[in-house]
Trainee: 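The structure that follows is given in the form of structure tokens.
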Amino acid sequence: MNISEKFIRSEKDIEEIFTSYQTLHELYTTSFTQLETALSGVGLAMEQQAGKVKSAFLNSKRTVDAKQSEIGDKLYGQALVLLIGSSESLLREAFRSLIKHNLDKINIKDNVTFSFDDIRRNYENNPPEWLGEMLLIKLEDEKSPAEKLNFQNMKQLEGILKSHFGIEIDNDDLLKELHVFWQYRHIVIHNSGIVDKKFISNINAVGHSCEHYVLGSKLSINKNHYLKCKEKLQLLFAVIDAQIIEKGLKYI
């Protein structure tokens, strides 16, 4: 299973939040139809009563649909947070897999060193992928902001994949758009969705227009934002999957 397929599986789990009502409605409608069939021939009064109940239920659907849409608008902000969080985990997992299974193709800087104890401890505990595990520990413990593995910053992500594996995303517009969605996630999680100076500064950092963001206002995230973010993430993962194949890398 490649990264794109894993992403599709994870986003389907998230979108079940928004299809739960439709699923229940279909279930109840089927039940009422079965009830009508079961009551046929046992008396006109009972058939009519069952028909009235079903009609009332179907009539209420419009009201419930409107309420579902209203609730959905509030939930899409959280859904976007889940979508991006899931994507960050997939990117981190992909990097770890690539490190462990492509030792012969990794570009490593000269300043990565291991002590004898590092080698002995990891060789004893993690065969046969012990060297990759050692390297991951070194990379993940990096304290320098410029060198730190950061899967929340799109430009750093691009640099991480290119410097270690030669993977080229080569789509600045895509990375800028995803950067904006990552800022949406941060503001929802860390500031209850309230637009602040840091948010605007981070949006400005990639040259994205901030004229429609008002300091102190609550960021509005709707279905269109969610769908656009999903579309851009699908494109990102498709590019990475294609590069993994082109570079002859193993992804497990």
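Keep in mind the model is a prediction, meaning the values are calculated, not measured.
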Trainee: Mind checking whether Val195 and Val214 have side chains closer than 4.5 Å, heavy atoms only?
Mentor: no
Trainee: Is the backbone of Leu83 close enough, under 3.5 Å, to the side chain of Ser87 for a donor and an acceptor to pair up by distance?
Mentor: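 Present.
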Trainee: Do any N or O atoms from the side chain of Asn153 and from the backbone of Lys155 form a donor-acceptor pair under 3.5 angstrom?
Mentor: yes
Trainee: Quick one, Ile160 and Leu149 - any side-chain contact, counting heavy atoms below 4.5 Å?
Mentor: yes
Trainee: Are Tyr251 and His101 close enough that their ring centers fall under 6.0 Å?
Mentor: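 No, they do not, as the ring centres are separated by 6.0 Å or more.
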Trainee: Evaluate the side-chain proximity of Ser163 to Asn107: yes if any heavy-atom separation is below 4.5 Å, no if none is.
Mentor: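 Counting from C-beta outward, Asn107 and Ser163 never come under 4.5 Å.
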Trainee: With a cut-off of 6.0 Å (strictly less than), are more than 12 heavy atoms of other residues, nucleotides or ligands near NZ of Lys6?
Mentor: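 Yes, enclosed.
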Trainee: May I ask you to decide if Lys176's main-chain N or O and Asp173's side chain share a donor-acceptor pair within less than 3.5 Å?
Mentor: no
Trainee: If you round to the nearest 0.5 Å, how far is CZ of Arg9 from CG of Leu90?
Mentor: 9.0 Å
Trainee: Answer yes or no: is there a side-chain heavy-atom contact under 4.5 Å between Ile194 and Ile187?
Mentor: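 Contact flag for Ile194/Ile187 side chains = no.
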Trainee: Does Leu98 offer a backbone N or O that forms a donor-acceptor pair with the side chain of Asn102 under 3.5 Å?
Mentor: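 A pair under 3.5 Å: yes.
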Trainee: Are His208 and Glu177 packed together at the side-chain level, in the sense that at least one heavy-atom pair is separated by less than 4.5 angstrom?
Mentor: no
Trainee: Drop me the distance from Lys228's NZ to Lys230's NZ, to the nearest 0.5 angstrom.
Mentor: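 The distance works out to 15.0 Å.
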Trainee: How would you list, by chain and number, every residue that makes a side chain to side chain donor-acceptor pair (under 3.5 Å) with Gln152, sequence neighbours excluded?
Mentor: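 Residues passing side chain to side chain donor-acceptor pair (under 3.5 Å) with Gln152: Glu88.
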Trainee: Are any side-chain N or O atoms of Asn2 and backbone N or O atoms of Glu5, one a donor and one an acceptor, separated by less than 3.5 Å?
Mentor: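 Here the side-chain-to-backbone pair exists.
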Trainee: Does Ile189 belong to the same Ile/Leu/Val/Met/Phe/Trp/Tyr cluster as Leu80, with side-chain heavy atoms less than 4.5 Å apart forming each link?
Mentor: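 Same hydrophobic cluster.
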Trainee: Is it true that atom NZ of Lys250 has more than 12 heavy atoms of other residues, nucleotides or ligands lying nearer than 6.0 Å?
Mentor: no
Trainee: Would a distance-only check, ignoring hydrogens and angles, find a side-chain to backbone donor-acceptor pair under 3.5 Å from Ser217 to Tyr213?
Mentor: no
Trainee: Has Ser86 got a side-chain atom pairing as donor or acceptor with Ser10's backbone, closer than 3.5 angstrom?
Mentor: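 Here the side-chain-to-backbone pair does not exist.
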Trainee: Is there a donor-acceptor pair closer than 3.5 Å between any side-chain N or O of His179 and the backbone N or O of Leu175?
Mentor: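 Pair absent, no side-chain N/O of His179 close to backbone of Leu175.
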Trainee: Is the closest side-chain heavy-atom distance between Lys198 and His190 below 4.5 Å?
Mentor: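 A side-chain contact under 4.5 Å is absent here.
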Trainee: Against Tyr226, only a single residue in Tyr76, Tyr184, Phe181 fulfils side-chain contact (heavy atoms from CB on, under 4.5 Å); can you say which?
Mentor: Tyr76
Trainee: Measuring only between side-chain heavy atoms, which start at C-beta, is Val239 closer than 4.5 Å to Asn171?
Mentor: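 The answer is no; the side chains never approach within 4.5 Å.
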Trainee: Applying the side-chain contact (heavy atoms from CB on, under 4.5 Å) test to Gln183, which of Val206, Leu178, Asn202 qualifies?
Mentor: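 For Gln183, the side-chain contact (heavy atoms from CB on, under 4.5 Å) test succeeds with only one of Val206, Leu178, Asn202, which is Asn202.
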Trainee: Would a distance-only check, ignoring hydrogens and angles, find a side-chain to backbone donor-acceptor pair under 3.5 Å from Lys105 to Phe165?
Mentor: no
Trainee: Side chains of Lys197 and Leu215: does their closest heavy-atom pair fall under 4.5 Å?
Mentor: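 Yes, their side chains come closer than 4.5 Å.
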Trainee: Classify the ring geometry between Phe237 and Phe7 as parallel (under 30°), tilted (30 to 60°) or perpendicular (over 60°).
Mentor: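 Answer is tilted, since the angle falls between 30° and 60°.
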